[in-house]
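Every chain is numbered from 1, with letters handed out A, B, ... down the list of sequences.
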2 protein chains.
Amino acid sequence: MTDVKTGINPLFLREEELRQGIELLFFAYRDFTAEPDAILAEYGFGRAHHRVIYFVGRNPGMTVSDLLGILRITKQSLSRVLGQLVDEGFITQRPGARDRRQRLLELTEKGTEMERLLTERQRARIARAYREAGAEAVEGFRKVMLGLIDEGDRPRFPVRPPGRR
Amino acid sequence: MTDVKTGINPLFLREEELRQGIELLFFAYRDFTAEPDAILAEYGFGRAHHRVIYFVGRNPGMTVSDLLGILRITKQSLSRVLGQLVDEGFITQRPGARDRRQRLLELTEKGTEMERLLTERQRARIARAYREAGAEAVEGFRKVMLGLIDEGDRPRFPVRPPGRR
DNA sequence: CCATATATGTCAACATGACTGACGTAAAAA
DNA sequence: TTTTTACGTCAGTCATGTTGACATATATGG
């Protein structure tokens, strides 16, 4: 049970290592969301608004279904948040060219500005962490993070432009 | 604006790289919490219960203040969740030896069992990702994740046992 | 053409987990 | 002895998630 060479229980090390991973995820996510959350609160928005703005900005012309698939929430939950963003002029909807049942989503200028305001902090945080850790560490980070995501849901980078809708 | 050697705009690459980081965090956290959330729902609990159980299990004898500092929520928010866990026999409170105002928190046997049930999935997920990515990648992952956490809040590993309270 | 499936939206009711603000108690510290 | 600290509680509010039921417009397959 105890390694003869190191005098350390390897199972304990493994357990400790995995718990460290759990905690890193918790703390990183906590701090990663705290800054945008504070800005959002000033606008009467919440984290859900940020997520919608982010992904619509990232995938202009995406459908509501696409967004539901990414966020993994119900359409009723999304509709409240999306409705607010449309009403307040952050997002526009237009019918799909091939399938007119679809409402293709896009950021307005105002939405783009808000996206920048919110995401800028997160980009800065990541840039700092990447810079401090170095290119090799970043590669490792990416590998592990991709492995944490359910197979089949792993995003492909770089994101390709949206196809004809 | 365009790199002569690669024909690629380095600013675009950097932007893409950072957005990838944002998305990796979102997707990893989404999938990381989904499994325990599903189990918790069966018990009428939510993610907040898991966090309390996790950190109390990790730091037996921790105070309510310690927990508030980690979770970064208000005592009113914590009290409901913590109260439920105490009422239902997952957590015990006992007064501190040196400072009897404190309520030192510990998992009961039932709480320990629940902790294992919930965290086991997350440990397995991390173990898989670590195994697939390799030791070097794991080191890079740790470096980057620590850099994402606010300075001063970075956990030190391994966690040392709690001092005399 | 008609029946069915799909994309989206809406109404209603509810749970969870966060918040603020105010007030209370017991114990420690000055 | 006064003040501060650790913790709890009551009350109200908000954001974000859930289910379930129903509606509308459009696409698609027999």
Side-chain angles (χ1 to χ4, degrees), chain A residues 26 29-30 33-34 36-54 56 61-88 91-105 118 165, chain B residues 26 29-30 33-34 36-56 61-88 91-105 165:
Chain A
F26 171 77
Y29 200 77
R30 184 197 67 178
T33 49
D37 281 359
I39 300 171
L40 286 156
E42 295 170 23
Y43 290 81
F45 289 155
R47 197 178 292 177
H49 298 86
H50 187 190
R51 294 199 279 245
V52 169
I53 287 177
Y54 179 86
V56 171
M62 78 190 306
T63 67
V64 173
S65 290
D66 291 343
L67 194 48
L68 286 174
I70 287 175
L71 300 179
R72 294 263 209 281
I73 58 176
T74 60
K75 63 178 176 175
Q76 295 92 326
S77 296
L78 175 58
S79 92
R80 190 175 24 210
V81 170
L82 186 54
Q84 286 174 324
L85 291 171
V86 170
D87 287 350
E88 299 187 30
I91 285 182
T92 55
Q93 297 177 311
R94 61 181 165 80
R98 285 211 315 252
D99 185 338
R100 289 184 319 194
R101 292 171 303 179
Q102 297 177 329
R103 312 272 177 102
L104 308 189
L105 306 174
L118 293 171
R165 303 273 187 183
Chain B
F26 171 76
Y29 200 76
R30 183 197 66 179
T33 50
D37 281 359
I39 299 171
L40 287 155
E42 294 170 23
Y43 290 82
F45 288 155
R47 197 177 294 177
H49 298 84
H50 186 188
R51 295 199 278 245
V52 170
I53 287 177
Y54 179 85
F55 283 107
V56 170
M62 77 190 306
T63 67
V64 173
S65 291
D66 290 342
L67 193 48
L68 287 174
I70 287 175
L71 300 180
R72 292 261 208 283
I73 59 176
T74 59
K75 63 177 175 174
Q76 295 90 329
S77 295
L78 176 58
S79 90
R80 189 179 20 210
V81 170
L82 185 53
Q84 286 174 327
L85 291 171
V86 170
D87 287 349
E88 300 187 29
I91 286 182
T92 55
Q93 297 178 312
R94 59 181 167 81
R98 286 212 313 251
D99 186 338
R100 289 184 319 196
R101 293 170 304 177
Q102 297 177 330
R103 315 269 176 104
L104 307 189
L105 307 173
R165 304 271 189 189

| said: How many whole angstroms separate atom CG of B/Leu71 from atom P of C/dA18? | reply: 8 Å
| request: Quick one: sort the B/Tyr43 and B/Phe45 rings into parallel, tilted or perpendicular, breaks at 30° and 60°. | output: parallel
| field | Whole-Å gap separating P (D/dA15) and CD (A/Glu42) | value | 15 Å
| task | Name the nucleic acid region contacted by A/Ser65, choosing base, sugar-phosphate or nothing; use a 4.0 angstrom heavy-atom cut-off, strictly under. | result | sugar-phosphate
| query | If only side-chain N and O atoms of B/Arg103 are considered, is one of them under 4.0 Å from the OP1 or OP2 phosphate oxygen of D/dA6? | reply | no
| message | With a 3.5 Å distance limit and no angle check, can you tell me whether A/Arg51 reaches the backbone of B/Phe26 through a side-chain donor-acceptor pair? | response | no
| request: Could you say whether A/Arg100 or A/Phe45 is positioned toward the 5' end of DNA chain D, judged by the nucleotide with the nearest heavy atom to each? | output: A/Phe45
| query | Considering only side-chain heavy atoms of A/Gln102, which listed nucleotide, C/dT8, C/dA28, D/dT16, is closest? | reply | C/dT8
| said: Rounding to an integer number of Å, can you tell me how far B/Ile73 CD1 sits from C/dA18 P? | reply: 5 Å
| task | Kindly indicate whether the side chain of B/Leu105, heavy atoms from C-beta on, has any atom under 4.5 Å from the side chain of B/Leu82. | result | yes
| field | Audit row: B/Leu104, B/Thr63, side-chain contact (heavy atoms from CB on, under 4.5 Å) steps and yes/no | value | CA-CA 5 Å; B/Leu104 307 189; B/Thr63 67; 3.7 Å; yes
| Under-4.0 Å side-chain N/O to phosphate OP1/OP2 contact, A/His49 with D/dT16 | yes
| Interatomic distance where CG belongs to A/Leu104 and P belongs to C/dA7 [whole Å] | 13 Å
| Between atom NE2 of B/His49 and atom CZ of B/Arg80, what is the distance when rounded to the nearest 0.5 Å? | 9.0 Å
| request: Return the minimal non-hydrogen interatomic distance between B/Gly61 and B/Arg94, and the atom names on each side. | output: CA-NH2, 4.3 Å
| remark: What residues 75-84 of chain A contributes to the DNA chain D interface at heavy-atom separation below 4.0 Å is A/Gln76, A/Ser77, A/Arg80
| The side chain of B/Thr63 lies closest to which of these nucleotides: D/dT19, C/dT20, D/dC7? | D/dC7
| Between D/dG8, C/dG9, D/dA27, which one does the side chain of A/Gln93 approach most closely? | C/dG9
| said: Determine whether a donor-acceptor pair (one donor, one acceptor, N or O, separation below 3.5 Å) exists between the side chain of B/Arg101 and the base of D/dT5. | reply: yes
| D/dT18 P sits how many Å from B/Arg47 CZ, rounded? | 11 Å
| Whole angstrom value for the distance that separates P of D/dG17 from CG of A/Leu67 | 11 Å
| query | How many Å lie between CZ on B/Arg51 and P on C/dT16, as a whole number? | reply | 15 Å
| Pick one: which of B/Val81, B/Val52, B/Thr33 meets side chain to side chain contact (heavy atoms under 4.5 Å, CB included) with B/Arg47? | B/Thr33
| remark: B/His50 atom NE2 is separated from C/dG17 atom P, nearest whole Å, by 13 Å
